[in-house]
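In what follows, a single structure is set out as structure tokens and then discussed.
Fair warning: this is a prediction, and the values are worked out from it, not measured in the lab. Hydrogens, waters and symmetry mates are skipped; everything else that's a heavy atom, side chains included, is used.
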Amino acid sequence: MATLLLQQPLALLALLVMLLVMASASDPLNSHGPTPASRAAAVLAKMTREERFSMVHGTGSTSPYVGNVPAIPRLGVPALALEDGPQGIADGVTGGTCFPSVMAVASTWNATSSFAFGAALGEEQRRKGTNVMLGPGVCIARVPTGGRNFEYLSEDPVHAKVLGKAMVQGIQSQGVIACPKHFVANNQEGPGHNGRLVANAIVSERALRELYYPPFEGAAVEARAGSVMCSYNLINGAYACENNATLHALKDDLGYRGWVVTDWGSVTSPVASALAGLDQQMSGASAFGLPLQAAVAAGKVPQSRVDDMVLRMLTAMFDVGLFDRHDYGNLTNVVTSPAHRQLALALADESAVLLRNRKQLLPLAAKPGLRVAVLGDANTVHGAGSGAVIPADVVTPLEGIARRCVGCTVSNYSVWSVPCSSQCSQRQAPVVTDDDIAAMVTLAKTADVVILNVAVASGEGYDRLDMSLGAQQDKLVAAVLAVSPPSHTVVVVRASGGVSMPWLDAVEGALVFQLMPGEQAGNSLANLLFGDSSFSGKLPFTTPRNLSDSWVATTEQFPGVQNGKTIDITYSEDLYVGYRFYDKEVRDPLWPFGFGLSYTTFSYSKLSVSKSSNESLTAEFTIANSGARDGQEVYQVYVSFPPAAKEPPKLLKGFGKLALTPGQSKQASVSLSARELSVWLDASAGWQVMPGTYTILVGSSAVDIHLSQTVVLGNSS
């Protein structure tokens with residue numbers, strides 16, 4: 001992957017985080033003396049049988065942390081304190097920063113930003129006393145209305161793999177064990193409330209290997225995450241936490257060396273789960289307490305399996321530094337800081353996506369006397385459930401714009417959502433009445449510029465009912481667009497995933513998309529609208545017009561069909577999720593994967609593809625800033641496989657980001673290994689490069705391809 005060059009101020013923040021990590025943390029595997037594995041083995045040898053069993057389950061209490069494992073003072077083994085926090089420290093804990101969501105950070109397409117985000121999350125968790133952070137979520141966003149999509153990264157496995165890996169490395173650089181989740185095929189919350197508990201994902205082995213495993217390969221295996229959380233759902237008839245096939249693939253095929261912990265309460269059989277590869281139950285001991293001890297005594301589970309569980313935990317604890325660091329705080333600490341609020345702002349700036357900018361309405365000029373109407377949603381900035389954050393303060397669009405547009409006449413009518421910190425309804429959106437609409441229409445008529453905010457959130461436990469913002473918010477947008485100057489209206493959508501836009505054709509001004517932008521939402525919006533920051537975010541998912549227009553259009557695919565005690569969800573789309581589906585169907589979505597505009601323009605040229613003897617490739621090309629403003633461009637490299645591979649028309653295989661001044665050009669380079677150019681055949685053949693002609697495609701989105709070149713791989717040459 002090419003070096004990622006950043007624009008101020010995020011470059012300085014990311015560099016500062018990385019320098020602090022390098023200065024304050026050492027890598028135990030690269031230091032002199034005993035390795036984490038040897039130190040763990042030495043501790044294990046001294047542990048009694050009772051001490052070993054005490055580590056494989058929680059106390060059953062969700063206090064003080066959401067998960068708790070007692071210390072073993074005799075051997076210096078620290079307690080484990082597990083806490084949620086994919087957007088900032090969660091579970092009702094206060095005093096932390098509400099960052100943009102994981103999916104928002106994925107919209108930056110920037111591994112350096114992802115690392116900085118992870119490091120900040122890890123630091124705040126450590127200062128709260130947490131040493132195991134339950135996240136990030138790295139499941140594929142298969143269902144456009146998935147309730148927890150904001151906690152996940154992407155619809156694409158390569159995109160999720162690269163950014164998830166960087167995020168985990170950032171978290172663990174701070175002495176906190178990361179726990180990527182939820183393994184695996186945990187792609188919906190429903191049907192209804194918590195249908196995930198009995199959801200049975202019927203999915204092909206090839207789709208698992210090529211689509212659903214790779215994000216965990218990056219975040220868990222390559223990043224050396226200390227733990228991985230298995231999910232509630234079933235995969236092909238077996239529960240995830242006792243699924244021999246999937247846990248075998250994780251540990252044996254992918255080579256994962258950390259421990260596997262349950263989602264809370266997601267274990268049924270102590271014997272089946274232990275033999276399959278589960279290592280720890282949370283939060284209680286219903287399966288891995290006395291029942292597991294009895295199973296070992298009866299010879300149903302070997303003691304060596306329990307020892308392996310404990311050894312995996314101890315090794316991860318040594319690896320990240322839990323035995324050696326003494327800077328863990330407590331839950332009463334206030335851990336937010338000016339630096340973290342600035343990082344939250346920079347990430348919100350870099351993650352926002354400009355979808356439309358007709359007649360170059362943006363950036364706005366803050367002229368004295370400019371009449372600006374700021375209307376609509378004020379505070380939808382984070383998701384719900386175990387990923388919910390309680391921010392100390394949320395900067396509203398009004399506050400951000402009024403602060404930035406000095407001398408302007410700013411009018412306002414806001415509607416508010418009720419923040420949800422648990423498992424709430426299927427459509428979490430501000431309440432908009434007909435009276436609200438009438439009042440906002442009145443203000444819009446007298447404004448020079450209208451900034452109209454609409455929003456919908458989601459969370460754990462429920463999927464969104466549909467892709468709509470809700471009938472009243474759609475009515476609001478249509479009504480305001482009908483009376484405000486069409487080319488002087490900015491529609492701002494804040495959402496936890498893609499939304500339908502029945503009013504899109506009437507948007508003659510600008511359309512901005514923010515993916516749960518966090519507490520600095522208003523300041524970020526002002527930065528972007530007035531040109532203090534430039535848009536550089538790109539969508540991490542494809543937006544269909546509605547679910548019936550998507551790759552999960554049938555009831556069998558989503559939400560599933562009742563089959564006795566389970567709900568069968570048939571992944572009949574197989575590999576064709578998101579942009580892959582639309583490429584196959586040769587039709588356009590509402591918004592394509594990887595799409596996002598800038599305040600400048602870029603040109604691509606001089607593609608050169610070289611091949612090595614081991615079937616790996618390197619693509620080099622030049623990108624130039626052909627516009628008049630500074631900007632950052634996300635370049636995307638796709639590969640079209642030969643017909644014998646039976647792959648979708650093209651697959652993302654690499655990406656990067658370049659910062660360029662007007663007239664400046666730089667060379668970008670993406671290297672692809674033979675494994676990245678391989679397809680999964682079956683368990684016996686494994687991964688193979690299929691002989692034939694491959695086309696390397698370089699573009700700025702899944703539909704905007706600027707350069708291409710063919711190359712022959714395999715014995716057909």
Over all atoms of both residues, closest heavy-atom pair of P180 and V168: CG-CG2, 3.9 Å
Please confirm whether the backbone N or O of W687 pairs with a side-chain atom of R675, one donor and one acceptor, at under 3.5 Å? no
What I want to check is whether the side chains of S54 and E51 have a donor and an acceptor closer together than 3.5 Å. no
Distance-minimising heavy-atom pair for L134 and K181: O-NZ, 3.1 Å
Closest contact, heavy atoms only, E350 versus S113: OE1-OG, 2.7 Å
Distance alone, cut at 3.5 Å: any donor-acceptor contact between the side chains of Y65 and N131? no
Ignoring hydrogens, what is the shortest heavy-atom contact between L322 and P78? Give both atom names and the distance. O-CG, 3.8 Å
Within-4.5 Å side-chain heavy-atom neighbours: L163 and P215: no
Is there a donor-acceptor pair closer than 3.5 Å between any side-chain N or O of N187 and the backbone N or O of I140? yes
How many angstroms lie between atom CG of L44 and atom NZ of K46, to the nearest 0.5 angstrom? 11.5 Å
For the OG1 atom of T246 and the CG atom of L234, what is their distance to the nearest 0.5 Å? 10.5 Å
Could you please spell out the steps behind the side-chain contact (heavy atoms from CB on, under 4.5 Å) verdict for F99 and V105? CA-CA 9 Å; F99 292 95; V105 176; over 6 Å; no
Is N149 close to Y152 at the side-chain level, that is, under 4.5 Å between some pair of heavy atoms? yes
Report the distance from atom CG of L278 to atom CG of N243, rounding to the nearest 0.5 Å. 11.5 Å
To the nearest 0.5 Å, what is the distance between SG (C98) and CD1 (I390)? 10.5 Å
Examine the side chains of H248 and N244 and answer whether a donor and an acceptor come within less than 3.5 Å of each other. no
Do side-chain atoms of N333 reach the backbone of K128 as a donor and acceptor pair under 3.5 angstrom? no
Test D84 against E151 for side-chain contact (heavy atoms from CB on, under 4.5 Å), laying out the working first. CA-CA 11 Å; D84 288 299; E151 292 188 51; over 6 Å; no
Tell me whether Y232 contacts the main-chain N or O of H182 through its side chain, where contact means a donor paired with an acceptor under 3.5 Å. no
Considering only heavy atoms from C-beta outward, does the side chain of M516 approach that of V102 to under 4.5 Å? no
Would you say the side-chain atoms of Y256 pair up with the backbone N or O of S227, donor to acceptor, closer than 3.5 Å? yes
Start with the C-alpha gap between R196 and E460, add the side-chain angles, then the distance that decides, and say whether side-chain contact (heavy atoms from CB on, under 4.5 Å) holds. CA-CA 10 Å; R196 59 182 172 160; E460 182 177 7; 2.9 Å; yes
Restricting to non-hydrogen atoms, name the atom on S669 and the atom on E620 that form the minimum distance, rounded to 0.1 Å. OG-CG, 3.8 Å
Indicate yes or no: does E676 engage K161 in a salt bridge with an N to O separation below 4.0 Å. no
Main-chain N/O of E222 paired with K165 side-chain donor or acceptor, under 3.5 Å: no
Any side-chain donor near an acceptor of the partner, S351 and S107, under 3.5 Å: no
Quick one: does NZ or CZ of R312 land under 6.0 Å from the six-membered ring centre of W259, within 45 degrees of the ring axis? no
Main-chain N/O of W680 paired to R209 side chain as donor or acceptor, under 3.5 Å: no
How many angstroms lie between CZ in F216 and SG in C139, if you round to the nearest 0.5 Å? 4.0 Å
R126 and D327 ion-paired at < 4.0 Å: yes
In this structure, CG of N186 is separated from CD1 of I235 (nearest 0.5 Å) by 8.5 Å
Within the side chain of H159, is there an N or O that forms a donor-acceptor pair under 3.5 Å with the backbone of A106? yes
As a test of understanding, state which of D308, D307, D279 forms a salt bridge (charged side-chain N to carboxylate O under 4.0 Å, His left out) with R52. D307
Disulfide bond (SG atoms under 2.5 Å apart) pairs touching residues 273-334, sequence neighbours excluded, are none
Verdict with reasoning, D319 to R257, per salt bridge (Lys or Arg N to Asp or Glu O under 4.0 Å): CA-CA 11 Å; D319 190 16; R257 297 291 176 256; over 6 Å; no
Between D156 and S154, do the side chains contain a donor N or O and an acceptor N or O under 3.5 Å apart? no
Work out which heavy atom in G58 is nearest to a heavy atom in M282; give both atom names and the distance. CA-CE, 3.7 Å
Would you say that M317 contacts L80 through its side chain, given a criterion of any heavy-atom pair below 4.5 Å between the two side chains? yes
Taking atom types as modelled, is there a side-chain donor on S386 or R148 under 3.5 Å from an acceptor on the other? yes
Determine whether the aromatic ring centres of residues F288 and F53 are separated by less than 6.0 angstrom. no
Should Y213 and D253 count as side-chain neighbours, where that means a heavy-atom distance under 4.5 Å? no
Donor-acceptor contact below 3.5 Å, side chain S231 vs main chain F183: yes
Across all chains, not counting sequence neighbours, the salt bridge (Lys or Arg N to Asp or Glu O under 4.0 Å) partners of R49 are none
Heavy-atom side-chain contact between S114 and L153 under 4.5 Å: no
Is N68 reaching over with its side chain to a backbone N or O of S61, donor-acceptor style, under 3.5 angstrom? yes
